[in-house]
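A short worksheet on the structure shown next.
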Amino acid sequence: MSHDAGRPPAKAASARPDDALATLRIPVRVQSPHDRPMRLKLDAGYAVELPAARTLARVWALPVLETGSEVYRSGSALLRRPHGGTDDPVPADFRQLADKLADRLAALPDRTDAGAVYRALRMCGVEADRAWFAGVYLLSVLRAVRAAARAWRPPSAQRRRDASPLTAAERARRSHAARLAREAEVSATWVRRWLVTATPGERVLARALYDAACAELEGDLPGLRVFYRAGDDLLGRRTRTAAGYSYRVPDSATADVLLDEIARVALDEAASAIGNYLTSNKTDTEASERRVA
């Protein structure tokens with residue numbers, strides 16, 4: 001294929017992701033709250049410090065996945081296909097990938113040259129509760145992998161655009177739908193990140209939460225209704241108080257379950273998006289054939 005999606009993504013700087021992991025260090029200060037390390041207390045009674053999800057995604061997880069395949073993102077899906085393949089990449093199962101990454105970390109060899117991060121992740125692969133380590137932490141790493149991966153642009157979609165130009169009304173409708181989808185994704189991502197640092201049981205006014213998001217976000221700001229819909233999905237429906245509608249921050253146990261549910265919903269969204277794409281492809285093809293006939 002002649003377009004850029006047909007070429008394998010650029011390789012990470014290190015040809016051996018495990019070597020990069022062995023040299024990874026957690027900085028004393030971080031520039032963004034999204035780069036904060038995470039502390040985990042193991043059953044043995046001592047705590048370990050794990051790198052932020054997007055740090056581990058960039059340094060280790062994405063290079064590991066790119067070792068055996070091309071990796072792309074499309075909406076809420078993480079797509080993979082063998083290097084040099086010509087078929088469209090297929091959505092990856094986040095839970096299966098998380099389990100495989102946990103198994104790989106558990107199987108890391110003991111290295112005298114490895115730093116504390118390498119040793120902590122290796123220990124977690126063996127000793128940490130798998131439901132949390134793979135089902136929450138490594139799922140968040142895979143979401144960061146998805147954010148860092150290259151966007152997939154199907155060549156067939158490009159050919160359809162070239163063959164059948166859209167009307168002004170169709171372009172406006174698609175632009176509006178794409179904007180709402182972007183706003184929903186931005187809103188949900190911001191609420192998830194805020195939830196990590198929020199105090200369990202705390203009540204926060206829904207409008208104050210929206211204003212805080214708008215003050216922090218750049219580019220297209222989400223509409224109020226779109227943001228509230230994301231908040232209702234992730235925090236539970238707003239309740240009326242004397243000061244106005246508010247959210248209650250879930251307790252820690254509920255938050256863990258919530259993160260699992262977020263991962264499940266992401267997979268459902270990916271399956272739905274692919275189904276919609278295939279249906280649209282079929283409809284456009286049939287319309288083109290009727291015009292030719």
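Note that these values count all heavy atoms, side chains included, but never hydrogens, waters or copies made by symmetry.
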Lys/Arg N to Asp/Glu carboxylate O, R207 vs D211, below 4.0 Å: yes

Test: D113 and R111 ion pair at under 4.0 Å: yes

Same apolar cluster (I L V M F W Y, side chains within < 4.5 Å links), V191/L205: no

Intermediate values then yes/no, side-chain contact (heavy atoms from CB on, under 4.5 Å), W190 and L209: CA-CA 10 Å; W190 190 91; L209 194 64; 3.7 Å; yes

Partner set under side chain to side chain contact (heavy atoms under 4.5 Å, CB included) for L180, not counting sequence neighbours: H176, E183, V226

Residue list, side chain to side chain contact (heavy atoms under 4.5 Å, CB included) with A106, at least two apart or on another chain: V126

Joint cluster assignment, L142 & M38, ILVMFWY side-chain distance < 4.5 Å: yes

4.5 Å side-chain heavy-atom contact, Y72 and L78: no

Residues D87 and R81 bridged, charged N to O under 4.0 Å: no

Y228: partners by ring-ring contact (aromatic ring centres under 6.0 Å, His included), with sequence neighbours left out: none

Check ion pair R130-D103 (N to O, under 4.0 angstrom): yes

Close side-chain approach of L108 and Y118, heavy atoms under 4.5 Å: yes

